[in-house]
Structure formats: structure tokens, C-alpha cells
Amino acid sequence: MLGRFAPSTTGEAHPGTLLAALLVWLDARARGGRVMMRLEDLDVTRTKAAWAAQMIEACAWLGLAWDEVVVQSDRRAAHEGALDALAAAGRLYPCSCSRAARSGGRRAPDGGWAYDNTCRGRALPAGGWRAASEAIRARLDDDRIELVDDGGLDLSQTPARDMGDPIVRRRDDVIAYQLAVVVDDRDAAITDVIRGRDIAPSTATQVMLQRLLGIATPRYRHHFLLLEPGAGKLAKLHGSIPYSQLRAHHDGPALCGILAHAAGLTATPAPCRPDELVAGFDWRRVPATDRVARMEAHGLVIV
Ligand SMILES: [Zn+2]
């Protein structure tokens, strides 16, 4: 059994990323498995090396040790190989449809607008996908994916219709998340994917890409999120409680205690180490509903 924690390094570590790290790590260790960290840094317009370094430091501070750390930007050749395979199978096409052109159309399961596969009939330029100055999409099969994750969350979709064919290489030549994640999980031989519920709507698309590339589908589980007050409603926690602020209030065991308590693993938020949580770890204790995190004068509070 091999799990992975795969944060994107597009900002400081925060309580939500550290909660995800803790749950991934505990799931693996409680089953005697191995667990790695993959730093997802492909989006050159949004990532910083300093944030990747900080993610490594923050996990160590919390008490999490990884069997391996992989940097996604080192894996370009594997991503290109997958694009070549999809191109050879006639699956790739260029698309310059704008997001604005889709707005007002059909809602996708992730809350965005579905892509109507408008450009499916278009061919790649003579030089192949590398020569295309537009975004590249992968033509999925129109089949329905029936999938319920280990937590009982129904992920069934017809991704080609519900979401639309995914972009696999962006116009700016960045390899898209949906492709990179399935290729990297394959090459690492990941057996179990534990991640936040915000990514759940992408799972069926990833399963369809796995099928196109002949990749076995891992086990999935999607856990609750930490939220923060956003524009009139609660939104997934992002930058409002950065790691630098957490460290000013807490040490690693104190934060571990707060996160473990929020995850239903301890009776009180008293300080603890991840090692001490392994024996009692059980997903049945972890709540299904999202929680709200906020910073108060004495430190982090999760309700
Ligand atoms: Zn298009």
C-alpha cells in the first residue's frame, strides 16, 4: 500500500493543507503502508520554490515523515510521454474556446461551466501537440463511470458530458493537473488516493484518462475540508491562516492536537504527535461534514 500527499505549492501551507497531510499519513501508517509527498508545482504562473520548501518544513514541524518526496516539475518527460501516447491514439485536439464563451451554458459538477466538446473535430497541427499554440484537450469516451469512494461518496459521472473533455496541456505549455495526476500516480505505483472533497468532481475524468492510458484505478477517499468565511458564504480555506502565523501561536504538537481533535481522533485538542494517533486511527471517527477554521487571539480554533 502506497499513499500520497500531493499539495500544490501555490501559497503558504495552512491548516487545511496540514489536515490533509495528517489524514493521508495516518491512513497509510495505520495500515502499515508507505506514504510519499508530491509537490505539485507545474503551474509556473502561481507556484514559488519558497512555498515548496515551506511545505516540506511544515510537515516535518507537524511530525510527519515521508518515505519519499517527488517534485512534479521534474516529471515533464513522463507527462510528454503520456501526451504522445494520447496523440498516437488520436485523442488530442486543439481548442481555443474561452471560459467566457461557456458561461451561462451547462453547470459542471465542480460548479464551473461544462465544456461542450465543440472542437472535437479539429486536428492537431502538422507538428503535433508540441506545435500547437492553443490549449490541447483529450477526447474522452462518452461512457458513464460508476464509482463510489471508500467513504461512500458517489463520484459517478459521464465526464465527457458532465465536465467536457479535459484540457491536458494548457495554452502556455503547462501540463494540466488532470493529466499530470494520473501519470504521476501511475509511475509512483500509488494504490490509495486520499484527498480533499473539493477534488471529488474531477475523479471520474481522471478515471477516464486512466482508461485511455491503460492505467489501473487506485482506491479513492475524499475527506472533509476546512472552510473560511468568503464572499457571503463559506469557502475552502486558502491563504487567510498561513503557516507563518500558525507557528507564531503554536508548536507542532499543539497544532497536531487541534487538527486531530477537529478530525474526531481525540477527545480534546490537547497536544499530541502523529505517531501517537496511528494505533487509534479509524475513518469512522472522522466527520463527513466540513469545519470552519479561524484565528483567535490565543490561536487556531476549528468549529
Ligand atoms: Zn474548443
Side-chain angles (χ1 to χ4, degrees), residues 6 8 10 40-47 72-73 75-147 155-186 195 198-215 217 235-236:
S8 59
T10 52
E40 302 209 333
D41 62 343
L42 294 186
D43 189 347
V44 290
T45 62
R46 296 172 64 219
T47 63
Q72 198 167 40
S73 56
R75 299 197 25 79
R76 175 81 189 191
H79 301 152
E80 293 196 359
L83 284 170
D84 288 338
L86 291 170
R91 292 287 179 169
L92 299 186
Y93 63 88
C95 169
S96 54
C97 298
S98 68
R99 197 167 295 189
R102 294 203 294 284
S103 73
R106 281 180 304 111
R107 278 290 182 194
D110 64 355
W113 301 106
Y115 174 64
D116 268 334
N117 306 329
T118 316
C119 300
R120 266 190 179 182
R122 295 186 54 200
L124 290 174
W129 65 265
R130 287 178 179 81
S133 57
E134 302 165 73
I136 304 290
R137 292 182 185 270
R139 177 173 55 81
L140 302 181
D141 289 331
D142 294 325
D143 302 339
R144 182 169 172 80
I145 300 280
E146 298 288 347
L147 186 67
L155 307 170
S156 301
Q157 268 185 31
T158 306
R161 189 195 66 217
D162 296 345
M163 305 283 279
D165 290 338
I167 289 177
V168 287
R169 195 217 63 176
R170 295 182 350 188
R171 190 167 54 119
D172 61 3
D173 201 39
V174 168
I175 304 296
Y177 164 75
Q178 305 283 19
L179 181 71
V181 70
V182 302
V183 172
D184 292 347
D185 285 346
R186 172 196 66 188
R195 57 189 183 183
D198 52 321
I199 306 176
S202 288
T203 308
T205 294
Q206 290 166 20
V207 169
M208 197 56 95
L209 285 171
Q210 287 158 1
R211 291 186 185 179
L212 295 187
L213 291 164
I215 299 172
T217 294
K236 188 192 176 193

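Just follow the structure's listing: the first ligand is 1, and inside any ligand the first atom is 1.
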How would you list all residue pairs meeting salt bridge (charged side-chain N to carboxylate O under 4.0 Å, His left out) that involve residues 100-110, not counting sequence neighbours? Arg106-Asp116
Pairs in or reaching into residues 198-207: which pass salt bridge (charged side-chain N to carboxylate O under 4.0 Å, His left out), with residues at least two apart or in two chains? Asp198-Lys236
Arg144 backbone acceptor or donor facing Gln157 side chain under 3.5 Å: no
Does Asp141 reach the main-chain N or O of Asp143 with its side chain, forming a donor-acceptor pair under 3.5 Å? no
Show your working on salt bridge (charged side-chain N to carboxylate O under 4.0 Å, His left out) between Arg130 and Asp173 and close with a plain yes or no. CA-CA 8 Å; Arg130 287 178 179 81; Asp173 201 39; over 6 Å; no
Sum up the protein N, O or S atoms located under 2.8 Å from the Zn ion (ligand 1). 4
Contacts of type side-chain contact (heavy atoms from CB on, under 4.5 Å), residue Ala6, not counting sequence neighbours: Arg4, Arg38, Glu40
